[in-house]
Amino acid sequence: MSAQVLSGKEVAAVVREEVRQRVAALAGHGRSVGLATVLVGEDAASQVYVRGKHKAATAAGMLSYDRTLPATASQDEVEDLIRDLNANDKVDGMIVQLPLPDGLDGNRAVETIDPDKDADGLHPDSLGRLVLDRPGPRPATPAGIMRVLQHYEIETSGKLAVVIGRSFLVGRPMVLLLSAKGVDATVIQTHSRTPDLAGMSREADILIVAIGRPNFVGADFVKPGATVIDVGINRTENGLVGDVDYDAVADVAGAITPVPGGVGPMTIASLLENTVAAAERSAGLV
Ligand code: NAP
């Protein structure tokens, strides 16, 4: 293995310490910071993610509010809970853990969040701000990836980035962040209908993979020396694996994120950042 390991775990620790200091500064103004999570149903993976978010929020000095509803909850019940949290002035940031159980509309639930409390940066208002390059909460996972690239001083300007996956959660906002002024990558968005995906990926200086297919991207997708960011989280009988065949790709890539310990911790760090930023805005400090 020759690739540099891009440790999201380490970068997340830096971000979380920054957030802790900002939370402490707000406490100095007599202002608490609160993160609320809305979990519907009993999906084991979602429960693990939500627990991780509360643990991180508490470690940063935030108050955290854990709201759960049974899988049988109606869309109205979910949205009423979100409206309650919107009205709660102790709650600065909120996330709805996606996906919601079958029969519930996750997009509508996210649209019910007060955009000023959008910790995941997925509200249409936040996505619009991203498109318009205006300040606002950025989608947590792609924002976390940008922070990893910055931390390890991976050059983006003038580079070719290929993003595999076009979800609104990861792939699409990732393209916008990478192509933003000041970041200045040239970006190709690919998906399941892209012909010769391996060949196109092999052109990339930076390859971002967010598809949800265990070990899908092999060494044949990667230009020697490229930076590879693996967003995938797949539970297999061999444990948690990414979308990238780590051992094979690490021999070719210049730098690579591991799974676990790569992008996952950055998602949590970014939502804490969005939450403390919301509190600073509502306290009139920025
Ligand atoms: P998603 O909504 O299911 O989207 C998957 C995307 O991948 C789609 O655009 C799909 O293309 C594309 N795709 C699927 N199979 C493909 C193939 N064989 N070749 C090329 N493209 C393919 O998934 P998501 O929410 O973006 O999540 C992707 C992965 O990231 C999942 O493993 C998820 O668990 C993980 N994730 C991790 C974090 C984290 O914090 N680390 C956060 C979010 C998500 P089409 O549009 O053509 O169908």
Quiz item: Does some side-chain heavy atom of Thr68 sit less than 4.5 Å from a side-chain heavy atom of Val40?
Solution: no
Quiz item: For the residue pair Ala219 and Ala248, what are the closest heavy atoms and their distance?
Solution: CB-O, 3.9 Å
Self-check item: Candidate pair Lys159 and Thr186, rule side chain to side chain contact (heavy atoms under 4.5 Å, CB included), full reasoning
Solution: CA-CA 6 Å; Lys159 301 297 180 187; Thr186 301; over 6 Å; no
Quiz prompt | Sidechain N-carboxylate O distance under 4.0 Å for Arg31, Asp92 | solution = yes
Quiz prompt | Gln150 side, atom CD; Ile145 side, atom CD1 - distance, nearest 0.5 Å | solution = 12.0 Å
Quiz item: Roughly how far, to the nearest 0.5 Å, is CD1 of Ile95 from CD1 of Ile82?
Solution: 10.5 Å
Self-check item: Candidate pair Met146 and Arg138, rule side chain to side chain contact (heavy atoms under 4.5 Å, CB included), full reasoning
Solution: CA-CA 11 Å; Met146 294 309 298; Arg138 296 301 188 228; over 6 Å; no
Quiz item: Does Val131 share a hydrophobic cluster with Met174, counting links as ILVMFWY side-chain heavy atoms below 4.5 Å and allowing steps through other members?
Solution: yes
Practice problem: Check whether any side-chain N or O of Lys117 sits under 3.5 Å from a backbone N or O of Asn86 as a donor-acceptor pair, and report yes or no. | Solution: yes
Quiz item: Counting distance only, does the side-chain N/O of Asp120 pair as donor-acceptor with the main-chain N or O of Gln97 below 3.5 Å?
Solution: no
Quiz item: Is there a chain of hydrophobic side chains (I, L, V, M, F, W, Y, each step under 4.5 Å between heavy atoms) that links Val11 to Val259?
Solution: no
Quiz prompt | Nearest heavy atoms of Leu26 and Ala279, plus distance in Å | solution = CD1-CB, 3.9 Å
Quiz item: Only one of Ile164, Ile211, Asp230 clears side chain to side chain contact (heavy atoms under 4.5 Å, CB included) with Val244; which?
Solution: Asp230
Self-check item: By ring pair (Phe, Tyr, Trp, His ring centres under 6.0 Å) - contacts of Tyr49 (at least two apart)
Solution: none
Quiz item: Out of Val33, Thr58, Thr275, which residue meets the side chain to side chain contact (heavy atoms under 4.5 Å, CB included) rule with Ser64?
Solution: Thr58
Self-check item: Approximate separation, where rounding is to 0.5 Å, of Leu271 CG and Met266 CE
Solution: 11.0 Å
Quiz item: Are the side chain of Thr236 and the backbone of Gly239 linked by a donor-acceptor contact shorter than 3.5 Å?
Solution: yes
Practice problem: Test side chain to side chain contact (heavy atoms under 4.5 Å, CB included) on Leu240 and Ile233 and set out the steps. | Solution: CA-CA 7 Å; Leu240 211 60; Ile233 300 178; 3.7 Å; yes
Practice problem: Quick one: list whatever passes salt bridge (charged side-chain N to carboxylate O under 4.0 Å, His left out) with Glu79, sequence neighbours left out. | Solution: Arg83, Arg108
Exercise. Report yes if some heavy atom in the side chain of Arg129 is under 4.5 Å from a heavy atom in the side chain of His123; otherwise report no.
Key: no
Quiz prompt | Reported OG-to-CG distance for the pair Ser201 and Leu207, which is rounded to 0.5 angstrom | solution = 5.0 Å
Quiz item: What are the two closest non-hydrogen atoms of Pro173 and Leu169, and how far apart are they?
Solution: CG-O, 3.8 Å
Quiz item: Does Leu122 reach the side chain of Phe168, with side-chain heavy atoms less than 4.5 Å apart?
Solution: no
Quiz item: Quick one: do Val228 and Val148 end up in the same hydrophobic cluster if we chain Ile, Leu, Val, Met, Phe, Trp and Tyr together by side-chain heavy atoms under 4.5 Å apart?
Solution: no
Quiz item: Would you say Lys55 and Arg51 make side-chain contact, with heavy atoms under 4.5 Å?
Solution: no
Self-check item: From CE (Met94) to CG (Asn88), nearest 0.5 Å
Solution: 9.0 Å
Exercise. Indicate, with yes or no, if Val110 and Leu176 share a hydrophobic cluster defined by side-chain heavy-atom contacts under 4.5 Å among Ile, Leu, Val, Met, Phe, Trp and Tyr.
Key: yes
Quiz prompt | Within-4.5 Å side-chain heavy-atom neighbours: Leu272 and Leu35 | solution = yes
Quiz item: Just by modelled atom types, is the Val249 backbone N or O under 3.5 Å from a matching donor or acceptor in the Asp251 side chain?
Solution: no
Quiz item: For Val78 and Leu81, what are the C-alpha separation, side-chain angles and deciding distance, and is it a side chain to side chain contact (heavy atoms under 4.5 Å, CB included)?
Solution: CA-CA 5 Å; Val78 174; Leu81 172 57; 5.9 Å; no
Quiz prompt | Smallest separation among heavy atoms of Ser2 and Ala253, with atom names | solution = OG-O, 4.1 Å
Quiz item: Do any N or O atoms from the side chain of Ser270 and from the backbone of Gly144 form a donor-acceptor pair under 3.5 angstrom?
Solution: yes
Self-check item: Sole residue of Leu178, Ile188, Val231 in side chain to side chain contact (heavy atoms under 4.5 Å, CB included) with Val163
Solution: Leu178
Exercise. Report whether Val96 and Leu85 are members of the same hydrophobic cluster (ILVMFWY, side-chain heavy atoms less than 4.5 Å apart, transitive linking).
Key: yes
Practice problem: Mark yes when over 12 heavy atoms from residues, nucleotides or ligands other than Asp196 sit less than 6.0 Å from its CG; otherwise mark no. | Solution: yes
Quiz item: Would you say the side chains of Asp118 and Ser126 form a donor-acceptor pair under 3.5 Å?
Solution: yes
Quiz item: Where the side chain of Glu10 meets the backbone of Ser7, is there a donor-acceptor pair that is under 3.5 Å apart?
Solution: no
Exercise. Provide the closest heavy-atom pair for Pro214 versus Val241 in the form atom of the first, atom of the second, distance.
Key: CB-CG2, 3.6 Å
Quiz item: To the nearest 0.5 Å, what is the distance between NZ (Lys9) and CZ (Arg16)?
Solution: 10.0 Å
Practice problem: Could you tell me whether Asp205 and Lys223 make a salt bridge, using a distance below 4.0 angstrom between a side-chain N and a carboxylate O? | Solution: yes
Self-check item: salt_bridge(Arg147, Glu18) N-O dist < 4.0 Å
Solution: yes
Practice problem: Taking the side chain as every heavy atom from C-beta outward, state whether Gln47 and Asp43 have any pair of such atoms under 4.5 Å apart. | Solution: no
Practice problem: Considering non-hydrogen atoms only, spot the tightest contact between Thr72 and Glu77 and give its length. | Solution: O-OE1, 4.5 Å
Exercise. Please check if atom CD in Gln21 has more than 12 non-hydrogen atoms from other residues, nucleotides or ligands closer than 6.0 Å.
Key: yes
Exercise. Taking the side chain as every heavy atom from C-beta outward, state whether Ile208 and Val162 have any atom pair closer than 4.5 Å.
Key: no
Quiz item: Taking Glu273 for the side chain and Val15 for the main chain, is one N or O donor matched with an acceptor at less than 3.5 Å?
Solution: no
Self-check item: Student check: side-chain heavy atoms of Val5 and Pro258 closer than 4.5 Å
Solution: yes
Quiz item: Can you list the residues that meet the side chain to side chain contact (heavy atoms under 4.5 Å, CB included) rule with Thr227, with sequence neighbours excluded?
Solution: Leu6, Leu149, Ile154, Ile206, Ile229, Ala255
Practice problem: Please assess Asp243 against Asn215 for the test side-chain hydrogen bond (donor to acceptor under 3.5 Å, both in side chains), listing each intermediate value before the final yes or no. | Solution: CA-CA 5 Å; Asp243 291 343; Asn215 297 322; over 6 Å; no
